[in-house]
Amino acid sequence: MEARPGLGLGPLLLFSLWGVTAPAALLRRLGEHIQRFQGSSGLGLAPGAAVFPKEGWLEQPLDPFNTSDRRSFLQRYWVNDQHWAAQDGPVFLHLGGEGTLGPGSVTRGHPAALAPAWGALVIGLEHRFYGLSIPAGGLDTAQLRFLSSRHALADVASARQALSRLLNVSSASPWVCFGGSYAGSLAAWARLKFPHLISASVASSAPVLAALDFSEYNDVVSRSLTNAGIGGSQECLAAASAAFAEVERRLRAGGPARAALRPELGACGRLGSAADRAELLGALQAVVGGAVQYDGQAGTPLGVRRLCALLLAGAGRRASAPYGGLRRAVQIVTRSLGQRCLSFSRAATVAQLRATEPQVSDLGDRQWLYQTCTEFGFYVSCEGVSCPFSALPALPSHLDLCEQVFGLSASSVTQAVAQTNTYYGGQSPGATRVLFVNGDIDPWHVLSVTQALGPSTPALLIPGASHCSDMAPERPSDSPSIRHGRQSIFLQLQAWLGPAKENQDAS
């Protein structure tokens, strides 16, 4: 192990999975903001608790599928042994995804909260090419060919064996993978591909089905805006639609009407090109989508209830009320994120994504775009007649980014998505001892597993829960459904780990 500087508290949840257009960038930064808030607020820590997780580094092969390639990189991990009761106790492995990981991965959130009951060792493993686990050589396309979910799973298997030796973990100890969002998919796939190494997995908000055109995202957003239980209504959905219609009307009108949108909605560019206008409309969709995706979570600047209140304020007295509400929603979000403006020009986005030098403060936008172009798609569109938002940006705009940044054609992206589903099995992965956990207002649940695939592959759909909310630090205001969901996770682990613990005690 080699000491290297850390970045402080890392994420507890995972970033938005969209490709990296304006809406994706906004949602990724919104996710980071929420994670930083939760990491700095003391949520999930017992009063007076002093937890000092250990940071370590593993030397991993850059190409684990080619034994003649001797290149390696250092992969960061965190260890919390505060509750580890015995060398043959369980190990909870919290997998990182498309962003920086930090000590919060082993001290806060559900895996850490479960550790005392099981006497478990908690380990957080940062994903290759993200955070500080970036191989030497930069992020050019030749280097990025070593970035994929398959490479990440090989790292999990290698780390499982190396850390067992380093930390003196018994060969009888069961290892349980935890992950949220993309990392939730990794947790499920780790159990699928390495059942001899991983005893069970809890996959939260895991989009195991790769999807080129993810139009269902906005279908769920629309439905959630009408959910009275979280503050939605049919009137709110209609107001959101009216607000977007007004934005599009002003964009088409051009002249002063279009120019006024720049200061009113915080567009950085001049909105002269169709691509720049699509970036703005996509970012506005992300403001609304983010209110749904992260609804009710600590640190969220805007949830469904507040968004609907803004959109409906003054309704019936003036026709422009929904647009004014959308303007205020944008101001709240950009101010919370510390952003100067909402959307950038398409040219600026492409230039940023072409940069191959890793930045410490970067969220990994270039890396995640590469993974969406070569594995997952996940491109959110709004082209159906039932979608209440703008039809822009359309799927070709997302695919064009793969071409401009990496030289990957639309047909190659389409083929890559199909290959991913063939390799992992989509929504029927065939893994046992995987608990899929989702919230029914989370737009990503439609790409996950929401019904049990058999007695050994259960599924839990939590009413009114948003993206990865079951993994977030516990707080007094948690809904009864979230509390019941976490209890269900505990009971499922008890069913899986109880016999293993009895066998260990008997030996």
Side-chain angles (χ1 to χ4, degrees), residues 14-15 17 19-20 57-77 93-101 123-163 175 177 179 181-198 201 203 206-208 210 356 358 362-378 402 406 408 412-413 415-425 429 431:
L14 272 291
F15 299 110
L17 299 174
V20 191
W57 298 85
L58 288 174
E59 185 174 0
Q60 296 273 37
L62 181 63
D63 185 356
F65 308 115
N66 181 6
T67 55
S68 64
D69 189 337
R70 300 297 183 182
R71 289 176 296 173
S72 63
F73 75 100
L74 291 177
Q75 184 172 29
R76 184 167 59 163
Y77 67 90
L93 181 59
H94 189 171
L95 300 181
E98 70 285 15
T100 300
L101 201 68
I123 300 173
L125 184 68
E126 190 168 66
H127 196 296
R128 62 167 53 206
F129 282 89
Y130 293 101
L132 295 186
S133 298
I134 298 180
L139 300 173
D140 61 33
T141 305
Q143 183 88 336
L144 288 177
R145 65 191 177 94
F146 301 110
L147 169 61
S148 73
S149 59
R150 301 181 196 191
H151 287 88
L153 291 174
D155 292 339
V156 171
S158 176
R160 154 69 165 94
Q161 295 169 306
L163 291 171
W175 286 62
C177 277
S181 205
Y182 163 54
S185 298
L186 291 177
W189 295 334
R191 171 63 186 165
L192 172 68
K193 299 299 182 182
F194 304 113
H196 60 296
L197 298 176
I198 304 301
S201 291
V208 290
T356 60
D362 186 47
L363 295 180
D365 287 344
R366 176 176 168 85
Q367 299 95 299
W368 182 242
L369 175 64
Y370 181 80
Q371 287 197 261
T372 68
C373 295
T374 57
E375 293 191 87
F376 305 122
F378 294 151
C402 296
F406 300 114
L408 297 170
S412 72
V413 179
Q415 184 178 3
V417 169
Q419 288 176 342
T420 296
N421 289 329
T422 299
Y423 185 73
Y424 292 118

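Residues Gln371 and Leu144 fail the side-chain proximity criterion, which asks for heavy atoms closer than 4.5 Å. Residues Ile123 and Trp175 meet the side-chain proximity criterion, which asks for heavy atoms closer than 4.5 Å. The shortest distance between side-chain heavy atoms of Val208 and Trp189 falls below 4.5 Å.
One finds the CG atom of Leu408 at 11.5 Å from the CD atom of Gln415 (value rounded to the nearest 0.5 Å). The distance from atom CG of Leu147 to atom CD of Glu98, rounded to the nearest 0.5 Å, is 11.0 Å. Taken to the nearest 0.5 Å, the OH atom of Tyr77 stands 10.0 Å off from the CG atom of Leu125. For the atom pair CG (Leu197) and SG (Cys177), the distance works out to 9.5 Å, reported to the nearest 0.5 Å. With values rounded to the nearest 0.5 angstrom, Leu101 atom CG is found 11.0 Å from His127 atom NE2.
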inquiry  = Does Arg76 form a side chain to side chain contact (heavy atoms under 4.5 Å, CB included) with Tyr130? I'd like the steps, not just the answer.
reply    = CA-CA 10 Å; Arg76 184 167 59 163; Tyr130 293 101; over 6 Å; no
key: Test log, rule side chain to side chain contact (heavy atoms under 4.5 Å, CB included), inputs Arg366 and Thr356   = CA-CA 8 Å; Arg366 176 176 168 85; Thr356 60; 3.7 Å; yes
request  = List the steps, then state whether side chain to side chain contact (heavy atoms under 4.5 Å, CB included) holds for Val156 with Leu186.
outcome  = CA-CA 9 Å; Val156 171; Leu186 291 177; 6.0 Å; no
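Partner of Phe376 under the ring pair (Phe, Tyr, Trp, His ring centres under 6.0 Å) criterion, out of Tyr182, Tyr370, Tyr423: Tyr182 alone.
Here the closest heavy-atom approach between residue Pro358 and residue Ile134 is recorded as CB-CD1, 3.6 Å. What you find for Leu58 and Ala162 is that their closest heavy atoms are CD2-CB, 4.0 Å. Nearest heavy atoms, Pro64 versus Ala154: CG-CB, 3.6 Å. The two atoms that bring Leu369 and Thr372 nearest to each other are O-OG1, 2.8 Å, heavy atoms only. The nearest pair of heavy atoms linking Leu95 to Ala183 is O-CB, 3.4 Å. Annotation for Leu153 and Phe194: closest pair O-CE1, 3.3 Å, computed over non-hydrogen atoms.
At least one donor-acceptor pair under 3.5 Å links the side chain of Glu126 to the backbone N or O of Ser133. With hydrogens and angles disregarded, a donor-acceptor distance shorter than 3.5 Å links the side chain of Ser201 to the backbone of Ala187. Under the 3.5 Å distance criterion, the side-chain polar atoms of Arg191 are left unmatched by any main-chain donor or acceptor of Ala188.
Applying the salt bridge (charged side-chain N to carboxylate O under 4.0 Å, His left out) rule to pairs touching residues 65-74 yields Asp69-Arg71, sequence neighbours excluded. Applying the side chain to side chain donor-acceptor pair (under 3.5 Å) definition to pairs two or more places apart or across chains, those involving residues 146-157 are Arg128-Asp155, Ser148-His151, Ser149-Glu375, Ser149-Tyr424.
Annotation: Glu59, atom CD; neighbour count of heavy atoms from other residues, nucleotides and ligands within 6.0 Å does not exceed 12.
The side chain to side chain contact (heavy atoms under 4.5 Å, CB included) check on Gln143 picks up Leu62, Phe129, Pro135, Asp140, with sequence neighbours excluded.
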